[in-house]
Protein chains: 2
Amino acid sequence: MSDSVKYLLDESHLPRFWYNVVADLPAPPPPVLHPGTGQPIGPGDLEPLFPMELILQEVTQEREVPIPEPVREVYRQWRPSPLFRARRLEKALDTPAHIYYKYEGVSPAGSHKPNTAVPQAFENKRAGVRRIVTETGAGQWGSSLAMAGSLFGIAIEVFMVRVSFNQKPYRRALMEAYGARCVASPSMETNSGRAILARRDDHPGSLGIAISEAVEVAAQSGDTKYALGSVLNHVLLHQTVLGQEAMAQMEMAGEAPDIIIGCAGGGSNFAGIAFPFLGAKLRGGRDVRIIAVEPAACPSITRGRYAYDFGDTAHLTPLVKMHTLGSTFTPPGFHAGGLRYHGMAPMVSHVADLGLIEARAYHQTGCFEAGLLFAKAEGIIPAPEANHAVKAAIDEAVRCKKEGRSEVILFNLSGHGHFDMQAYIDYQAGKLVDQDYDEAELAMALAGLPAVSS
Amino acid sequence: MSDSVKYLLDESHLPRFWYNVVADLPAPPPPVLHPGTGQPIGPGDLEPLFPMELILQEVTQEREVPIPEPVREVYRQWRPSPLFRARRLEKALDTPAHIYYKYEGVSPAGSHKPNTAVPQAFENKRAGVRRIVTETGAGQWGSSLAMAGSLFGIAIEVFMVRVSFNQKPYRRALMEAYGARCVASPSMETNSGRAILARRDDHPGSLGIAISEAVEVAAQSGDTKYALGSVLNHVLLHQTVLGQEAMAQMEMAGEAPDIIIGCAGGGSNFAGIAFPFLGAKLRGGRDVRIIAVEPAACPSITRGRYAYDFGDTAHLTPLVKMHTLGSTFTPPGFHAGGLRYHGMAPMVSHVADLGLIEARAYHQTGCFEAGLLFAKAEGIIPAPEANHAVKAAIDEAVRCKKEGRSEVILFNLSGHGHFDMQAYIDYQAGKLVDQDYDEAELAMALAGLPAVSS
């Protein structure tokens, strides 16, 4: 048996800053616009929602943003996370490719989300905020923020997409174990929630709706702020610890990736693994293919429009330019709940628009098949979201075999699947189908995009 | 915020041998007896059940048993596991005690069980065995062996206690994801199972029954062996990587434990953390209190008899001297399924009988309360079994506060609770009660102990 090899950094390699790709891009990203005036917003416009330190991180042009020491101290609980060479998977595929994966399932919440939950809770606490309101899809983000809130002593309230709230009671229980309050969305607690329920009282919810509810609550309370687990620049920034560690670990392994792969819902784990490598390439370093993998049922980069849109359903957020399926688009209820967002992070959309990354979309059953192959070879059962990255890595390794090329593939295994076993039960029972989005609904959602000339 | 501190060993500190406490004990453990003759058995008597290499590990007197290199290669995926100082918990308790915990939840199966699953699968594979049959309670052992089986390419069949099979579909799904076959026990597939079901067709099962079924299948098939996830000497031996790593890590921390704590069902994670420290003490090293914590509903050390008994319900196993509640004893259905065994590891029983360790028993609600306090302070939600150790650590830390003593407490956090959220849901909903075992049933079970003079 050729075995898996772990590359573990000692704590002296825990990054001291987050990496900001903006500093290295050939063109700046389009501005965020005020929905009323159509004009670029300033930091002050975001103050009702975020503490100023996070707003400054959102708009900074600096290449390196220092990580506060109290955040690094919490990171140390599970970071640097391990990077593995998947030798047993390579053997199972009989591929000349070298497959590496960064593994974020070792965090207390089992995914990459604590990388941003911790600094967000810290900066809110430092700013005197008493409560943070957020939304969650599959529950990975909500449970991570609940954990961070309990560590820093700050109250957390989570609007959880109703279909996940019902399907994933254990994620909800985890949030409650950390002391958070968890509400099914759409709820009767907000105007946006009540408006949706008035039209359809069994509405399954969506991330866009849950964001509206959380933003509404935060905007109305003086001691309460809002937090988002993906999409925004500062969230992507926080996740770059991932790619920075992976660069050092690949160096330990004596190799450099030819291909970097991440699954992309809001875009943060993808950006986290990819942007540090992309930055190195843009600064004249080694060329590398970078692939974002999204679900075929919610394919914002591959099938959406690059346009200004709202981040939420009730149109309470500013307008951001991103690859979007339209803020009213509701994807079918597939099992990778963390990838069910109508838009893509503006910064990921921007680098896609600049031609710096590739994107592809996969149906879910092929992803579960890939995930089980990976689990049997490597011993780790991936979260359904991460299976999209696993499938892309396997597909590339199979291509390498056909072409007789020994390329180096690195992907991010963003979380373990211990909370997602129902999805595997359904897959193994043959109950999962490959759902496509509704073309008519997509057309309608795109037709409803706000008219902004930019 | 005073933060948690991690002590991480690099791979050069991955143990090269397992530690065998027998070599350092003041008296040898009582022999294992043949149930027919009442005479000590020899290695050959165990050959229908185990490969010879594991039998030799079972009976060896050597202090150090080399860990085969292919086993160390798999260990490297998650070992050495981290050891943390729980500074935030200390602060929450306002205790002068220093609390350290070894964390086994980073393994692919989320518990300490892969430490023995991997060498057991390896030795069976090396001996040409085609299939391993085992039993599992909560599913931690079954999923770990399923994982190890998939890594080494050996078929795994698991008899899972029916009450857990029904209550914990996700653990079963994990086993099946790794390719194992999982059967609810008692089943119609064995004589022992059919006999139980004939008496009561809705029997909830027990570890003792599931062991009978697995042993029966293994004994009847030429290419099939049996595996046990705790209790036996070689299983405890495999877990000593835990304590050896912890010794090196405590040295890194510049402290030595005054108290070592582990939860004890079959006894393997407790022995794994404790025996290396106990051995050092017996060889003239530092004194240390060692505490085994068991559930009040299944208290083999604290309320059982130290006597020869069968390991299983159908009396297919040899007779071992251990603290036992009687092989017919069925504990109430509390939530720490991994602690629901009628006996205690013979080696743990022996050191308890020698007065080298302490034991105590806790009811479950206090353990869940302790687990939630721990989760909120440290960010990790423990498995219900591990909560018993958490509660003892907290109780000792509170005592230290009362006595104004700054003792050093080390406990083993044997697994995460991501598969056990239903138990937390039940606890938080006030549905958990503190069940005691039935005194009459215990008396009857003890009265049924086999008559052996030794």
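Below, chains carry the letters A, B, ... as their sequence lines are ordered, and counting in each starts from 1.
At a 4.5 Å heavy-atom cutoff, the contact between B:Ala109 and chain A is made by backbone atoms alone. The part of A:Arg79 that comes within reach of chain B is its backbone (N, CA, C, O), which places non-hydrogen atoms under 4.5 angstrom from that chain.
Most heavy-atom pairs under 4.5 Å with chain B, from the set A:Gln422, A:His416, A:Lys125: that is A:Gln422. With chain B as partner, the option from A:Pro114, A:Pro82, A:Gly417, A:Gly379 having the largest number of non-hydrogen pairs under 4.5 angstrom is A:Gly379. Of the listed residues B:Phe419, B:Trp78, B:Tyr424, the one with more heavy-atom pairs under 4.5 angstrom with chain A than any other is B:Phe419.
With a 6.0 Å radius and a threshold of 12 heavy atoms from other residues, nucleotides or ligands, B:Arg126 has its CZ atom above the threshold.
Test A:Phe411, A:Phe374, A:Tyr101 against A:Phe84 for ring-ring contact (aromatic ring centres under 6.0 Å, His included) and you get one pass: A:Tyr101.
Side-chain contact check for B:Asn115 and B:Glu104: at least one donor-acceptor pair (N or O, by modelled atom type) lies under 3.5 Å. A donor and an acceptor atom, one from each side chain of A:Asp420 and A:His335, are nowhere located under 3.5 Å apart.
Side chains of A:Arg87 and A:Ile99 form no contact here, defined as non-hydrogen atoms less than 4.5 Å apart.
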